[in-house]
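Below you'll find the structure, written out as structure tokens, and then a few comments.
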Amino acid sequence: MSKPDFQNLPTRLGVYTLTRHLGEQGKTTLFRAKQSHVERGVLVEVLTGVVSHADVEQFLASVRARVAVHLPHVTQVYEAMAADETWYLTLAAPEGKSLTQLAAENKRLSPTQVCAIIEAAGKLYAETAKRNIAATGLYPHSIYLSGEQRVQFISPVISGEHTAESVAEQMNALAAALAPMMPQEGVPGRTRARTLLDWLQNGYEGERLEWLALADSAATVKEQLEPQLNRDNVAGLNGKTRGAIVRETMRNRRKFRKTLYMAGAALGLVIASAVVGSCMAPDEVEDLPANDGSTITCYQGSQVVKVAAHLVSIREYREFLLVFESENRLTRDQRRRLLEGVPQDGSGRRPADWEKQWAAANKGVEYEGKKLSHQSPVRGVSYWDALVYARYREAELPTARLLTAAKKHGNAAGSLCEWTTDICPATDFSGEGTLLLPAEADAAPRIEPNRSARNTEYGFRIVYP
């Protein structure tokens with residue numbers, strides 16, 4: 001079958017009919033589309049142009065990075081696949097209209113809409129920084145508004161780790177998207193919205209603000225504007241208001257730095273590694289059972305995380321299954337949060353040989369060549385099982401780089417290959433990492449398996465933010 005003609009719409013791609021071009025995103029193009037049979041409206045992001053094998057790997061890595069995390073104000077990712085010689089990703093269609101659509105209709109944003117977008121973007125990017133997730137800037141066609149203040153974004157997450165340099169790029173991109181849409185002269189609250197835009201572009205008094213501080217500032221301004229929008233004259237951010245916001249920002253920064261300082265003093269000397277971060281081993285790691293909560297303290301830039309010293313044990317996983325498989329121990333919202341973006345395979349998150357594993361562990365007998373106990377690592381879990389378990393524990397899966405640091409400097413216990421959030425097959429872990437990280441530091445990475453694969457070699461551990 002010939003490739004779709006993306007220049008002449010509508011055009012067919014797999015089970016989707018692409019109906020409207022929305023915009024370019026690096027090497028991908030975003031379209032609005034309809035899914036056959038179910039008549040569902042979706043967005044389709046297509047890898048277009050001359051595509052190399054490296055482009056496909058990078059595209060799939062970014063897709064998987066988006067699926068692996070739940071972020072505020074971001075639309076759901078459905079699936080990625082190839083059809084008609086073309087790789088593409090499908091996403092839930094956001095409610096409302098994008099900034100691109102509003103601009104085409106010659107519409108401007110209200111001051112409170114500007115505040116709502118900055119607040120939502122601030123929360124999104126603060127979360128990616130907290131989780132050490134790489135994210136690009138937002139395009140006008142990836143920012144959606146419904147009603148006065150409901151905001152949704154096409155996920156800007158890509159594969160890799162957060163960097164301090166990316167913050168400036170993110171803020172400049174958002175400022176560029178908002179600038180043409182700013183309220184016109186004479187609109188009540190316009191000056192305050194312009195001040196927030198200036199803070200995005202230039203910071204405050206030469207110092208770039210943090211995303212969370214900008215989100216808090218936008219929320220504060222929005223609250224101030226709402227009871228005043230019907231007045232004829234609304235001044236810009238006066239000295240008192242501006243000072244209050246900035247003082248609160250600085251207080252938050254001082255509090256954060258103090259917390260890091262106290263944590264550092266309590267933890268003592270940290271072993272530094274320029275490539276993979278810094279870690280401290282727990283005491284007597286050799287004697288600790290897998291389910292004692294023992295962790296290795298690691299530093300990723302200014303972020304402090306706790307990497308589990310041991311892989312998730314059979315007993316821990318059984319406790320999770322007892323809750324997950326019960327009809328009344330999780331609310332509908334809790335279950336939906338755990339399973340968001342996770343494909344249904346009918347397993348109930350059980351390893352294929354779960355009954356045999358649990359029976360051997362319960363009796364303390366040998367199974368598959370190893371004597372098992374309740375503290376033995378659970379095996380045969382898929383990536384999705386590991387992801388759901390981590391969400392249940394309000395934790396995350398580690399990156400391969402972070403896990404390498406924990407193993408190298410913290411004596412992390414483990415004799416199995418492990419699932420990580422990195423989806424970069426067959427690469428050296430001193431570089432970008434690999435999905436499956438062999439326990440031996442000098443062993444070659446393994447080719448990425450299907451994410452639903454259940455092999456008795458695969459175990460996993462979790463990371464607490």
Side-chain angles (χ1 to χ4, degrees), residues 72-75 94-127 137-154 156 167-168 170-205 207-250 252:
H73 303 287
V74 169
T75 60
E95 298 177 6
K97 297 182 178 180
S98 69
L99 295 193
T100 300
Q101 291 172 280
L102 293 174
E105 297 172 2
N106 294 317
K107 292 183 179 179
R108 299 288 191 101
L109 298 174
S110 70
T112 53
Q113 286 176 326
V114 173
C115 293
I117 292 172
I118 294 176
E119 180 184 7
K123 291 179 178 179
L124 165 63
Y125 284 121
E127 191 66 21
L138 291 164
Y139 299 88
H141 62 260
S142 61
I143 303 171
Y144 280 74
L145 272 168
S146 61
E148 176 65 18
Q149 296 179 21
R150 178 170 168 75
V151 181
Q152 283 186 290
F153 303 121
I154 305 301
V167 175
Q170 294 161 357
M171 291 186 179
N172 289 336
L174 182 59
L178 291 176
M181 304 293 295
M182 294 300 286
Q184 295 178 330
E185 293 283 354
V187 174
R190 178 184 183 275
T191 304
R192 300 189 185 197
R194 293 293 309 181
T195 300
L196 288 173
L197 182 67
D198 181 65
W199 285 357
L200 266 177
Q201 295 171 311
N202 306 311
Y204 178 76
E205 295 184 349
E207 184 176 2
R208 188 171 291 278
L209 297 176
E210 297 168 359
W211 270 118
L212 199 54
L214 276 167
D216 291 342
S217 300
T220 300
V221 173
K222 185 173 65 176
E223 290 175 2
Q224 293 171 338
L225 287 177
E226 285 173 340
Q228 302 182 49
L229 288 179
N230 292 326
R231 299 181 185 178
D232 293 332
N233 298 304
V234 179
L237 288 173
N238 58 39
K240 182 177 180 181
T241 302
R242 185 186 302 112
I245 293 173
V246 174
R247 282 195 299 276
E248 182 63 24
T249 297
M250 298 308 171
N252 290 338

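Quick caveat, the model's predicted, so the values are computed rather than measured.
For E105, the side-chain hydrogen bond (donor to acceptor under 3.5 Å, both in side chains) partners are K97, K107, not counting sequence neighbours. Taking Q201 as the reference, nothing meets the side-chain hydrogen bond (donor to acceptor under 3.5 Å, both in side chains) condition, with sequence neighbours excluded. For H141, the ring-ring contact (aromatic ring centres under 6.0 Å, His included) test picks out Y139, with sequence neighbours left out. Scored by the ring-ring contact (aromatic ring centres under 6.0 Å, His included) test, Y144 finds no partners at all (sequence neighbours excluded). E185 is linked by a salt bridge (charged side-chain N to carboxylate O under 4.0 Å, His left out) to R190, counting only residues two or more places apart in sequence or in another chain. Every residue meeting the side-chain hydrogen bond (donor to acceptor under 3.5 Å, both in side chains) condition with Q170, not counting sequence neighbours, appears here in chain and number order: W211. Residues meeting the side-chain hydrogen bond (donor to acceptor under 3.5 Å, both in side chains) test with N202, sequence neighbours left out: D198. With sequence neighbours left out, the side chain to side chain contact (heavy atoms under 4.5 Å, CB included) criterion links A177 to L99, P140, I143.
To the nearest 0.5 Å, atoms OG (S217) and CD (E210) are separated by 11.0 Å. Y125 contributes atom OH, which lies 7.0 Å from atom CG of L174 (distance to the nearest 0.5 angstrom). With values rounded to the nearest 0.5 angstrom, M181 atom CE is found 8.5 Å from T100 atom OG1. Taking CZ from R194 and CG from L196, the interatomic distance works out to 11.0 Å, rounded to the nearest 0.5 Å.
Contact between L197 and A179 at its shortest, heavy atoms only, is CD2-CA, 4.1 Å. When all heavy atoms of P111 and A193 are compared, the pair lying nearest together is CA-CB, 4.2 Å. Nearest heavy atom pair, residue S110 against residue P183, reads C-CG, 4.0 Å. Among all heavy-atom pairs drawn from P156 and G137, the shortest one is CB-O, 4.2 Å. Residues Q152 and P94 approach most closely at OE1-CA, 3.5 Å, considering heavy atoms. Across every non-hydrogen atom of L200 and R208, the tightest pair is O-NH1, 3.0 Å.
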Could you walk me through whether L178 and L109 pass the side-chain contact (heavy atoms from CB on, under 4.5 Å) check? CA-CA 8 Å; L178 291 176; L109 298 174; 3.7 Å; yes
Which is it for M171 and V167 under the side-chain contact (heavy atoms from CB on, under 4.5 Å) test, yes or no, and what are the steps along the way? CA-CA 6 Å; M171 291 186 179; V167 175; 3.7 Å; yes
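For R108 (side chain) and M182 (main-chain N/O), a donor-acceptor pair under 3.5 Å exists by modelled atom type.
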Output side-chain donor-acceptor pairs under 3.5 Å for residues 116-124, partner residues at least two apart or in another chain, one line each.
{"from": "E119", "atom 1": "OE1", "to": "K222", "atom 2": "NZ", "distance (Å)": "2.8"}
{"from": "E119", "atom 1": "OE2", "to": "K123", "atom 2": "NZ", "distance (Å)": "3.3"}

